[in-house]
Amino acid sequence: MTDSVSRPTNFIRHIIDNDLNEGIHDRVATRFPPEPNGYLHIGHAKSICLNFGIAKDYEGTCNLRFDDTNPEKEDIDFVNSIKHDVQWLGFQWQGKERYSSDYFEQLHSFAVELISKGVAFVDFSTQEEIREMRGTLKAPGSNSPYRDTPIEENLAHFEKMKNGEYAEGECCLRAKIDMSSAFMCMRDPVIYRIKFAHHHQTLDKWCIYPMYDFTHCISDAIEGITHSLCTLEFQDNRRLYDWVIENITIDCTPRQYEFSRLNLEYTVLSKRRLIQLVEDKHVDGWDDPRMPTIAGIRRRGYSPASIREFCLRIGVTKMDNMVEMSMLEACIRDELNSSAKRRMAVLDPVKIVIENFGDDEWLDAPNHPMNEEMGTRQVPFSKELFIEAEDFRESANKKYKRLVLGKEVRLRNAYVVKAERIEKDDDGNVVCIYCSYDPDTLGKDPADGRKVKGVIHWVSASHALDAEVNLYNALFTVPNPAAEEDFASTINPESLVVKNAKVEPSLSDSEPLQGLQFERQGYFCKDPSSSTDHLVFNRTVELRDSYARVNSL
RNA sequence: UGGGGUAUAGCCAAGUUGGUAAGGCAGCGGGUUUUGAUCCCGCCAUUCGUAGGUUCGAGUCCUGCUACCCCAGCCA
């Protein structure tokens, strides 16, 4: 995947190219900085591919840093799943993973430095008072009565904060900047707050925790990050990022650049909504194949390479965007088209009996139509088979290229059969189709030159394995569920359709998550929960289907 | 006149110093095909949010509008 596809270029790479050319930097260092408060999703993949991709292409480094400054929301389970997902995507961070909490000691010292310089103070105002004094978007704020507390007193107060002598919420440390700034984040932002909370890394060592704006820039500087990439909503925060770096004594000046986050049609990518889907049991968990989480997409059958390719194709800009699902689907189809072994599975079985057929035969069937190196497998052919119910009609127009009463059709990898008569139940449903076959059509066209237009898939009734097949459709019925008043009300009731299918016996050997194509149906993979007693397959994505498209009009 | 951002096709997105609109997805038409798949061929922006201006020449420069997104957590 390489030369034909244009190399990624974007405004961030232009900036880096320029920095390198101008000698502003002689190396590139990035970082991926998730807060361990949830599972990674496809939106994070965009950031991961951006940061690790740049490090790779510029022969630089990329750190994995957990932004763990809010112990109340974070959990060690999340750090483990995040590490696992980043590696699964195919990336390895520089050295050991980092934690913002690794720097709590240094962060504290820098806070003391700010207080000593008279640009930070301990505020005993209540949270409500601070909010009121902040002003509004159009009206300037007002100074806190604690703003001019002498430096020595602030130092003493902060020491007491650190020693747990004040209650949560009783006071906080604020940077002294400008209460009339047009940037709300510059109106004396809180940089340390009191939390008597257990931290997954530092345990009970601290009862004061630094805020994001104070922590992130310093962590970047400590790690020698050159280009700190984050999403658009942090654009205003950049002023505070730069202010902190300028006001402390540190010899590194990382720069922050912002890009737009990913939005994908027919799903949601905000942590809050994802949590709701799981907690309200709209899905089976974080790894439900309908979820846009890395865990969910993985279980759905997407490969790391296909997700990386997707991130390459969508690009990186500052434009708000809403990417169509077809973009993601095209990526996995491209990969699976060349890599997936072909198999046959009948999702809605109806029986056919080939009356003039004798003993069972095992036929050779190629694993891939275009790649002989992928070999063949044996499929049992017998007198009684299952075909797809929708592949038979008593009568049909010429556009219908499947089995029709009195007409012929090709059974994939096998013979040409002709439907002679049918048997129906009391409700008029076809329960059995009696056919005849032409013994001279295995691997070749009829000798007399008659044309058989259709090809349908099948499985031997006596050899077929029972399998649960999960068909997944869009989780939501509207392109942008997040814009709804109640997004949960737009959940697609048919996002999961379970089929009791009949599959060819070779499928018992397939590896979990290994991509397969059920011919004429789509790409599937065996679910990790699948067992010999209970085979389970998940549909990754359908095949393109121009017939269905024309027919639906 | 709070501030910060963004406007190129249905979607994503190139477009370095002004030189005459890449590519991908989707779609449409045709060919091949034992998957209505794949593959192959062809089509798909006289115009870059909009109105002016500068210029021989503007998506690129200037001015005025318009639309949308973000900011008033002791969240990140």
Side-chain angles (χ1 to χ4, degrees), chain A residues 4-6 9-10 14 17-18 33-35 37 67 69-70 72-73 123 126-127 130-132 134-141 168-174 180-187 189-195 209 211-213 215-216 230-239 258 260 265 271 312-331 333-334 337-338 342 344 366 368-370 399-402 409-414 416 441 443-445 452-457 517-522 542-551:
Chain A
S4 60
V5 179
S6 56
T9 175
N10 56 52
H14 288 319
D17 289 339
N18 186 65
E35 180 185 17
N37 68 342
D67 221 336
T69 58
N70 189 350
E72 293 169 337
K73 294 188 173 180
D123 197 327
T126 64
Q127 212 168 137
I130 287 180
R131 185 183 346 109
E132 284 163 17
R134 188 150 33 224
T136 68
L137 294 179
K138 297 190 178 183
E168 275 187 30
E170 187 174 353
C171 59
C172 60
L173 183 69
R174 292 226 261 167
S180 61
S181 172
F183 295 100
M184 297 303 289
C185 66
M186 297 296 271
R187 320 244 266 223
V190 172
I191 56 176
Y192 258 97
R193 78 292 217 187
I194 300 170
K195 279 182 191 290
Y209 291 93
M211 298 286 286
Y212 164 85
D213 284 302
T215 308
H216 205 94
C230 63
T231 42
L232 249 32
E233 66 270 25
F234 292 101
Q235 287 176 116
D236 286 359
N237 300 250
R238 186 175 67 241
R239 279 70 187 186
E258 312 86 11
S260 55
E265 280 191 346
K271 207 158 280 179
L312 224 48
R313 293 188 190 184
I314 59 175
V316 176
T317 69
K318 303 181 77 130
M319 287 187 266
D320 291 322
N321 61 77
M322 178 68 75
V323 177
E324 292 176 348
M325 214 31 116
S326 61
M327 190 84 92
L328 216 207
E329 294 175 339
C331 295
R333 278 200 196 102
D334 276 2
N337 175 49
S338 57
R342 270 55 174 175
M344 293 195 286
H368 191 107
M370 312 291 283
K399 290 181 65 180
Y400 186 79
K401 304 195 297 177
R402 308 178 191 184
V409 77
R410 158 76 63 183
L411 292 180
R412 177 70 165 158
N413 300 312
V416 168
T441 53
K444 55 188 174 185
D445 290 329
V452 177
K453 52 185 184 310
V455 180
I456 63 174
H457 59 278
Q517 184 191 106
F518 289 175
E519 290 193 277
R520 302 209 309 130
Q521 294 286 5
E542 291 177 89
L543 251 30
R544 269 181 83 241
D545 186 356
S546 53
Y547 178 70
R549 209 163 35 237
V550 170
N551 250 22

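Side-chain atoms are counted along with the backbone in the values below, which use heavy atoms only and exclude waters and symmetry mates. Each chain gets a letter, A, B and so on, in the order the sequences are listed, and its residues count up from 1.
- In this structure, R193(A) places its CZ atom 7 Å from C1' of C75(B), rounding to the nearest Å.
- Base pairing annotation: A7(B) forms a Watson-Crick or G-U wobble pair with U66(B), both donor-acceptor distances under 3.5 Å.
- Using a 4.0 Å heavy-atom distance criterion, R174(A) is classed as making no nucleic acid contact.
- Using a 4.0 Å heavy-atom distance criterion, F518(A) is classed as making no nucleic acid contact.
- Nearest-nucleotide positions on RNA chain B for K444(A) and Y212(A) put K444(A) closer to the 5' end.
- Following rounding to the nearest Å, M211(A) (CE) and A72(B) (C1') show an atom-to-atom distance of 14 Å.
- Rounding to whole angstrom units, NE2 of residue H216(A) and P of A76(B) are separated by 11 Å.
- Within 4.0 Å (heavy atoms only), K318(A) reaches sugar-phosphate atoms of the nucleic acid but no base atom.
- Between R412(A) and N237(A), the one whose closest nucleotide on RNA chain B sits nearer the 5' end is R412(A).
- Backbone-only engagement by I314(A) is indicated by non-hydrogen atom pairs under 4.0 Å involving sugar-phosphate atoms exclusively.
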Under 3.5 Å, N/O pairs linking protein and nucleotides 66-70 of chain B:
{"unit_1": "C69(B)", "atom_1": "O4'", "unit_2": "D320(A)", "atom_2": "OD2", "d": "3.3"}

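- Going from atom CG of L173(A) over to atom P of C74(B) covers 13 Å, rounded to whole Å.
- Regarding contacts with the backbone of G5(B), a side-chain N or O of R238(A) is found under 4.0 angstrom from either OP1 or OP2.
- Contact of the R402(A) side chain with the Y547(A) side chain is registered, since non-hydrogen atoms from C-beta on lie closer than 4.5 Å.
- Using a cutoff of 4.0 Å between basic side-chain nitrogens and carboxylate oxygens, D334(A) and R313(A) are scored as salt-bridged.
- If you check every strand for non-hydrogen atoms under 4.0 Å, S181(A) touches nothing.
- Taking atom C1' in both U8(B) and C44(B), the straight-line distance is 16 Å, to the nearest Å.
- Residue contacts for N413(A): at a heavy-atom cut-off of 4.0 Å it reaches a base atom on one of the strands shown.
- I191(A) comes within 4.0 angstrom of no nucleic acid atom, judged by non-hydrogen atoms across all strands.
- No donor-acceptor contact under 3.5 Å links the side chain of Q521(A) to the base of U35(B).
- Protein atom CG of N337(A) is 11 Å distant from nucleotide atom P of C40(B), rounded to whole Å.
- Contact annotation for P34(A): no contact, since no heavy-atom pair falls under 4.0 Å across all strands.
- Here E265(A) lies out of heavy-atom contact (under 4.0 Å) with every strand.
- Atom NE2 of H14(A) and atom C1' of U17(B) are 14 Å apart (whole Å).
- Using a 4.5 Å heavy-atom threshold, the side chains of D213(A) and T215(A) count as separate.
- In this structure, the CZ atom of R410(A) is 18 Å from the P atom of A37(B), given to the nearest Å.
- The closest side-chain donor-acceptor pair between N321(A) and S260(A) falls under 3.5 angstrom.
- T441(A) places no side-chain N or O within 3.5 Å of a backbone atom of K444(A) that could act as its donor or acceptor partner.
- Taking atom CD on E329(A) and atom C1' on A26(B), their separation rounds to 11 Å, with Å as the unit.
- Side-chain atoms of T231(A) do not come within 3.5 Å of backbone N or O of E233(A) as any donor-acceptor pair.
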